[in-house]
*Asks:* 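One structure follows; several queries about it will come next.
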Amino acid sequence: MVQITQELRAKADQYYTGDEICQEKSKFLLSEVGLPTGLLPLHDIEEVGYIEATGFVWLKQKKAIVHKFEKINNKQVSYSTEVTAYVEKNKIKKLTGVKAKELLVWITISDITMDDPPTGKLTFKTPAGLFKTFPTSAFELEDEIKKVNEKKEIKEEVTKELISDVIKA
């Protein structure tokens, strides 16, 4: 696990403190690398940093939390006070601070990848090489789903209007 030092903070291309801006920036970073914005549902985030050259990112929250992902049978995932990783397009590598509960055991998650081309699936890997795949939609925020559905509805309406105009012409 990488220790977050003043030297590391000084190298950061992006560095933020305070929950509101950190929530916004963490979701923005996930969307920028093509991953669902609900993947890291942290609370009371104190600090977010990102070093673009290496892809290293860290998030610090006041206390560790356990989150239940309702769309995948209330799967429990634990997020420690410090979460670190290296991010790139459709991938989170060398992840620390995240564990998922399988039966009665907490298992460390080390990598998260989305298929390329996208199939709507996310694969979670452990340091031991075990993996499990879940639908991407299970990690999307409800607000994001509503926006996507609204865009689809608008697009369908415009398409219907265009087809109607073409038929009349």
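Just the heavy atoms: all of them, side chains too, but no hydrogens, waters or symmetry mates, feed the values below.
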*Asks:* Is there a side-chain contact between V105 and K101, using heavy atoms and a 4.5 Å cut-off?
*Replies:* no
*Asks:* Is the side chain of E24 donor-acceptor paired with the backbone N or O of D19 at a distance under 3.5 Å, no angle test?
*Replies:* no
*Asks:* Would E32 and K89 count as a salt bridge (Lys or Arg N to Asp or Glu O under 4.0 Å) if you check the C-alpha gap in whole Å, the side-chain angles of each, and the deciding distance to 0.1 Å?
*Replies:* CA-CA 8 Å; E32 282 293 297; K89 189 72 175 159; over 6 Å; no
*Asks:* Kindly give the cluster partners of L130, where membership spreads through any ILVMFWY side chain lying under 4.5 Å from a current member.
*Replies:* none
*Asks:* State, yes or no, whether a side-chain contact exists between S26 and L40 at a heavy-atom distance under 4.5 Å.
*Replies:* no
*Asks:* With a 4.5 Å cut-off on side-chain heavy-atom distances among I, L, V, M, F, W and Y, is there a chain of contacts connecting Y50 to V83?
*Replies:* yes
*Asks:* Any chance NZ of K75 has more than 12 other-residue heavy atoms, nucleotides or ligands included, within less than 6.0 Å?
*Replies:* yes
*Asks:* Using the rule given for side chain to side chain contact (heavy atoms under 4.5 Å, CB included), can you reason through T123 versus I112, listing the C-alpha separation, both sets of side-chain angles and the distance that settles it, and then say yes or no?
*Replies:* CA-CA 6 Å; T123 302; I112 302 171; over 6 Å; no
*Asks:* Quick one: NZ on K99 to OG1 on T126, what's the gap to the nearest 0.5 Å?
*Replies:* 12.5 Å
*Asks:* Determine, stepwise, if the pair F69 / F139 fulfils ring pair (Phe, Tyr, Trp, His ring centres under 6.0 Å).
*Replies:* CA-CA 8 Å; F69 286 97; F139 304 95; 4.8 Å; yes
*Asks:* Any chance you could pull the hydrophobic cluster mates of W106, using side-chain heavy atoms under 4.5 angstrom and chaining through other members?
*Replies:* V66
*Asks:* What about Y79 and Y86, same hydrophobic cluster or not, with Ile/Leu/Val/Met/Phe/Trp/Tyr joined at side-chain heavy-atom distances under 4.5 Å?
*Replies:* no
*Asks:* So, are K60 and E46 salt-bridged, with charged N and O less than 4.0 Å apart?
*Replies:* no
*Asks:* Verify, without hydrogens or angle tests, whether N74 (side chain) and K68 (backbone) share a donor-acceptor contact under 3.5 angstrom.
*Replies:* no
*Asks:* For W58 and E82, run side-chain hydrogen bond (donor to acceptor under 3.5 Å, both in side chains): C-alpha distance rounded to whole Å, both residues' side-chain angles, the deciding distance at 0.1 Å, then the answer.
*Replies:* CA-CA 7 Å; W58 71 89; E82 194 170 287; over 6 Å; no
*Asks:* Can you tell me how far CG of L39 sits from NZ of K27, rounded to the nearest 0.5 angstrom?
*Replies:* 11.0 Å
*Asks:* Determine whether V48 and L42 fall in the same hydrophobic cluster, where Ile, Leu, Val, Met, Phe, Trp and Tyr are linked whenever their side-chain heavy atoms lie under 4.5 Å apart.
*Replies:* yes
*Asks:* What closest approach, in Å, do I45 and C22 show between heavy atoms, and which atom pair accounts for it?
*Replies:* CG2-CB, 3.4 Å
*Asks:* Which atom names give the shortest non-hydrogen contact between I92 and A85, and what distance separates them?
*Replies:* CG2-CB, 3.5 Å
*Asks:* Looking only at atom types and distance, does a side-chain atom of Q61 sit under 3.5 Å from a main-chain N or O of H43, one as donor and one as acceptor?
*Replies:* yes
*Asks:* Any side-chain heavy atom of V77 sitting closer than 4.5 Å to one from I109?
*Replies:* no
*Asks:* Between P41 and G38, which heavy-atom pair has the shortest distance, and what is it?
*Replies:* CD-O, 3.6 Å
*Asks:* Which heavy atom of P135 sits nearest a heavy atom of I72, and at what distance?
*Replies:* CD-CG2, 4.3 Å
*Asks:* Kindly give the heavy-atom pair with the smallest separation between I4 and T84, and that separation in Å.
*Replies:* CD1-CG2, 4.2 Å
*Asks:* F56 and V98: same hydrophobic cluster, using ILVMFWY side-chain contacts below 4.5 Å?
*Replies:* no
*Asks:* Just verifying a value: how many Å separate L30 CG and K25 NZ, rounded to the nearest 0.5 Å?
*Replies:* 13.5 Å
*Asks:* Take atom CG of N73 as the centre, draw a 6.0 Å sphere, and report whether it contains more than 12 heavy atoms from other residues, nucleotides or ligands.
*Replies:* no
*Asks:* So with a 6.0 Å cut-off around NZ of K125, is the heavy-atom count from everything else above 12?
*Replies:* no
*Asks:* Run the numbers on E140 and K71 for side chain to side chain contact (heavy atoms under 4.5 Å, CB included), then give the verdict.
*Replies:* CA-CA 10 Å; E140 293 172 347; K71 293 180 184 175; 5.5 Å; no
*Asks:* D111 and F124: side chain to side chain contact (heavy atoms under 4.5 Å, CB included), yes or no, with the steps?
*Replies:* CA-CA 6 Å; D111 294 73; F124 296 79; over 6 Å; no
*Asks:* Look at K132 together with E102 and state whether they make a salt bridge at an N to O cut-off of under 4.0 Å.
*Replies:* yes
*Asks:* I'd like to know whether K121 forms a side chain to side chain contact (heavy atoms under 4.5 Å, CB included) with F134, so could you lay out the CA-CA distance, the side-chain angles of the two residues, the decisive distance to 0.1 Å, and finally the verdict.
*Replies:* CA-CA 6 Å; K121 302 280 184 186; F134 295 102; over 6 Å; no
*Asks:* Distance only, no hydrogens: is a donor on one side chain within 3.5 Å (strictly under) of an acceptor on the other, for T37 and S31?
*Replies:* no
*Asks:* Going hydrophobic residue to hydrophobic residue with side-chain gaps under 4.5 angstrom, can you get from L95 over to I65?
*Replies:* yes
*Asks:* Applying side chain to side chain donor-acceptor pair (under 3.5 Å), can you list everything that pairs with K93, at least two apart in sequence or on another chain?
*Replies:* E88
*Asks:* Which pair of heavy atoms, one from M114 and one from L35, lies closest together, and at what distance?
*Replies:* CB-CD2, 4.1 Å
